[in-house]
**Student:** 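One structure coming up, written as structure tokens, with questions to follow.
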Amino acid sequence: MPRRTGPAPRTTPLDGAWSFGPIHHDGDPAEVPDSRLRPVVLPHAAAELSWRDWDPASWERGWLYRKRFGWEGEPGTRWFLRCAGVLTGVRPVLNDRALAPHAGGYLPFEREVTGLLAERNLLDLVVDGRFDPGVPPNSARPSDAVDFWQPAGPHREVSLVALPADHVRDVFAKPVRVLDDVRRELRVRCELDLAEGGALVLRAELRRRGRSVADAERALRAAPGREVVELSVTGLGAVRLWSPDDPRLYEVVVSLRRDGRLLHEHRVRTGFREAVFGRDGFRLNGERLRLIGLNRHHLFPFAGAAMPARVHRRDAEILRRELNCTMVRCSHYPPHEAFLDACDELGLLVWDEPPGWQHLGTGRWRDRARRDLRDMIVRDRNHPSVVLWAARLNETPGDAEFYGGTDRLAKSLDDSRGTTGAVLSADHDTSDFQHDVFACNDYSASTGPDGLTRPELAPPRRDFPYLVSEAVGTLSGPARFYRRTDSQAVQQGQAFAHARVHDLAGADPGHAGVLAWAGFDYPSGNGNVDRGVKWPGVVDVFRVPKPGAAVYRAQVDPRRRPVIAASFCWDLTGPNPVTELPEAALWSNADRLELFVGGEPFASLLPDREGFPHLPHPPFRTSFREVRGSPELRVEGCFGGRPLLSRRFSADRAADRLVLRPDDRAIEAGGADATRVELRLVDRYGNDAPSRPGEVALELDGPAELVGPASFPLAETGGVGAVWLRGLRTGVGRVRLRARHPSAGEASAEVTALPR
């Protein structure tokens, strides 16, 4: 158990050693001996998963997770079991006492266990992994009716939370009149849970890096039970506003005292910003901000959704730091809380969405959908990154009564943000819409001059603020799949398709922006699927940006980060050479590119502002069809008449090599933390090289385990892949991963497993 930390809530992670095995979904866990279970670590997916070809039959049944742990009681303390996310239903049993079950896998639930704990405890989680048609987003159809797989298991953390008998249960810190330095205010809504009550003093203090900024205090007399109290913190003229370029965060510390004695502290983070969707676009802190973003699924190879906080945070870093997105849509369920924390810190705006996909059920299903909306808003409303609540489920039919109710529910919980909900293109002109921002999944298309399908956008609604919530994908061209094994023309076509929709939206101020489909490839059994994977992502399932991501990589101020990115591979002799492209595109935030082939001047290029007049940084077009042999390509970027950046690309395949790149140099030991190690074939300058036959053999030494195969098929993944390293339950120290390819050589990477 953790050391005593005074009046703050204390969370004891229940990760480490668990036991796991099959059970009937309504079976009695007491009848399952430990000998029938095997050791696992949470978070965990019940089925063994590859990077493709997932089979829902492997997890759609009952599973037992068992944890034995010690406990030391403390007088006057209440204890709660918290499960952050279990797919799809779970029956907790603590020391042979059944707790109330929970159905729904994407939001946390708690059960009070005060009085049930002992010195030695046995916790059983009986997980029902079946596709339950009574639980959103599911329907009465088979599990592949939903666009994304839902592997069973506790895919997020399980913990014990200790709270004083009298405590602050919840805090919503809402900034108001943000743009007025004189009248700026923080309204702090506190829900108290009191066992004794009486004369109390409630105090809210705003802090920045531990230093007090302002505070407010209120004396009250309260009876035992739940009570809501509001405080107003003023004098905030010196507060700096939160924005993508300066994501300034503050801490709100709410303390509860009786007779001068501190009973409890509750802490949340907040940021001061005004986010307004209007009929002329989106404004943040009074200034128009163009929303260029992507949708995100949280599914990973080998683990499903069962990845630790570090790995979820990394997705936000990719979207903001590598792809320069200003916004992400959490499709189609609430994300891990660590993902939102990272969005707060990175300045990435968020559309938050409860579970739903093309189905609106009845009865208990709707009750659970309303519960999900409520739980999501209560969990996430202190995140300044969140600027939209989806009060309408994705691509569902209209229902004025139900969605009028969900909209009122959202506003009763938080009236500081707008509501929305994504409708199908066919419903673009519907009058059955009850929310603030009209959002359309727009897969309009036409035939381009090259005879290929290209995306279009319907005109924005003029009676609502308007946001394109999906576009491109695999439905509006030019291809059904964007795999690294596809032709260079297909992969580059993805970059042009995404550039086109962002350019079209930029032409009309009625567009707030485009959240394109999609950020990441993901496992699915629905629609345009190849080998159990959907391939619309500009980043692959291994979290490596594809050539199609080049357009996003260039959309950044060159004074902040200079970029030259190619949407092609500089391969001149292989089966998929760049010389077969009618034109090749370089994406950069330079204002001129000078190209040299084989050391000789080749072309001087300007950005294609005629073809993409409304894209901040258009592509640079050229052709390499006349290039012969295997010369090197050098690209020099200039900005404002001065050199900006230089990049080299090698066509000498004999110089290609294998590299391993870990995301982190250290992880926590204990089994609950992990980091990705990217595997990639690169040229002599570190650019993507074409794939080649032969598998990569992996060897791991040290206190960690491999999440992924020991033999990796780079030829099938297009020369790029990844595995994850997860710390063991015991042991600290250096972890070394070695990789060996028959023709690309050897590589190694080191990570340190540190004590928790």
Side-chain angles (χ1 to χ4, degrees), residues 11-32 36-38 40-47 56 58-69 79-113 116-117 121-138 143 146 149-161 298 303-307 333-334 336-337 354-355 364-365 367-369 371-372 374-376 379 672:
T11 299
T12 303
L14 294 180
D15 44 38
W18 285 70
S19 299
F20 160 79
I23 188 176
H24 193 272
H25 60 84
D26 59 0
D28 182 358
E31 297 178 357
V32 180
R36 286 175 46 191
L37 306 176
R38 63 180 177 87
V40 296
V41 174
L42 302 192
H44 184 260
S58 66
W59 66 74
E60 290 183 349
R61 54 165 302 169
W63 304 97
L64 175 60
Y65 288 84
R66 176 169 289 167
K67 175 72 174 178
R68 297 181 185 273
F69 61 95
W79 295 84
F80 297 83
L81 173 68
R82 187 179 194 270
C83 296
V86 184
L87 283 165
T88 292
V90 60
R91 291 188 291 116
V93 181
L94 177 61
N95 297 331
D96 295 325
R97 287 284 300 274
L99 308 180
H102 181 83
Y106 298 97
L107 285 157
F109 69 91
E110 289 186 353
R111 300 290 182 262
E112 184 163 6
V113 294
L116 301 181
L117 293 165
N121 298 275
L122 173 63
L123 173 62
D124 284 326
L125 300 180
V126 182
V127 173
D128 188 349
R130 295 175 301 164
F131 185 79
D132 185 344
V135 177
N138 302 342
S143 53
V146 177
W149 290 133
Q150 303 178 76
H155 62 98
R156 296 179 186 164
E157 296 77 12
V158 178
S159 57
L160 273 181
V161 179
H298 69 181
M307 283 291 189
Y333 36 75
H336 194 291
E337 291 169 85
R364 180 176 292 184
W365 194 101
D367 292 341
R368 288 169 171 163
R371 176 208 64 190
D372 288 343
R374 180 195 180 280
D375 290 352
M376 177 187 76
R379 188 194 73 167

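For reference, positions follow the sequence shown, starting with 1.
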**Student:** Is the side chain of Arg156 donor-acceptor paired with the backbone N or O of Tyr106 at a distance under 3.5 Å, no angle test?
**Tutor:** yes
**Student:** Determine whether Leu116 and Leu99 make a side-chain contact, defined as any pair of heavy atoms from C-beta on separated by less than 4.5 Å.
**Tutor:** yes
**Student:** Any side-chain to backbone donor/acceptor pair from Trp149 onto Ser143? Under 3.5 Å, distance only.
**Tutor:** no
**Student:** From Phe69 CZ over to Thr12 OG1, what is the distance, rounded to the nearest 0.5 angstrom?
**Tutor:** 9.0 Å
**Student:** Indicate the atoms forming the closest heavy-atom contact of Ala369 with Pro136, along with that distance.
**Tutor:** N-CG, 3.9 Å
**Student:** Is a donor on one side and an acceptor on the other found under 3.5 Å between the side chain of Asp96 and the backbone of Ala30?
**Tutor:** no
**Student:** Hey, is the main chain of Gly27 close enough, under 3.5 Å, to the side chain of Arg91 for a donor-acceptor pair?
**Tutor:** yes
**Student:** Taking the side chain from Arg111 and the backbone from Pro101, do they hold a donor-acceptor pair closer than 3.5 Å?
**Tutor:** yes
**Student:** Ignoring hydrogens and geometry, is there a side-chain-to-backbone donor-acceptor pair from Lys67 to Ala17 under 3.5 Å?
**Tutor:** yes
**Student:** For Pro334 and Pro354, which heavy atoms make the closest approach, and how far apart are they?
**Tutor:** CD-CA, 4.0 Å
**Student:** Given side chains that start at C-beta, do those of Leu107 and Met376 come closer than 4.5 Å, heavy atoms only?
**Tutor:** yes
**Student:** Return the minimal non-hydrogen interatomic distance between His155 and Gly105, and the atom names on each side.
**Tutor:** NE2-O, 2.7 Å
**Student:** Report the residue from Leu125, Val127, Ile23, Val93 that forms a side-chain contact (heavy atoms from CB on, under 4.5 Å) with Leu64.
**Tutor:** Ile23
**Student:** Locate the shortest heavy-atom distance separating Ala47 from Ser58; write the atom from each residue and the value.
**Tutor:** CB-OG, 3.3 Å
**Student:** Could you tell me which non-hydrogen atom of Val146 sits nearest to which non-hydrogen atom of Pro137, and how far apart they are?
**Tutor:** CG2-O, 3.9 Å
**Student:** Taking the inter-plane angle between the rings of Phe20 and Trp63 on a 0 to 90° scale, is it parallel (under 30°), tilted (30 to 60°) or perpendicular (over 60°)?
**Tutor:** parallel
**Student:** What verdict does the side-chain hydrogen bond (donor to acceptor under 3.5 Å, both in side chains) test give for His25 and Glu60, after you've listed the backbone C-alpha separation in whole Å, the side-chain angles of each residue and the deciding distance to 0.1 Å?
**Tutor:** CA-CA 10 Å; His25 60 84; Glu60 290 183 349; over 6 Å; no
**Student:** Output yes when a side-chain donor or acceptor of Arg368 lies under 3.5 Å from a complementary backbone atom of Gly134, and no otherwise.
**Tutor:** yes
**Student:** Got a donor-acceptor contact below 3.5 angstrom from the Asn121 side chain to the Arg68 backbone?
**Tutor:** no
**Student:** Do any N or O atoms from the side chain of Arg82 and from the backbone of Pro108 form a donor-acceptor pair under 3.5 angstrom?
**Tutor:** no
**Student:** Provide the closest heavy-atom pair for Pro29 versus Asp124 in the form atom of the first, atom of the second, distance.
**Tutor:** CB-OD2, 3.4 Å
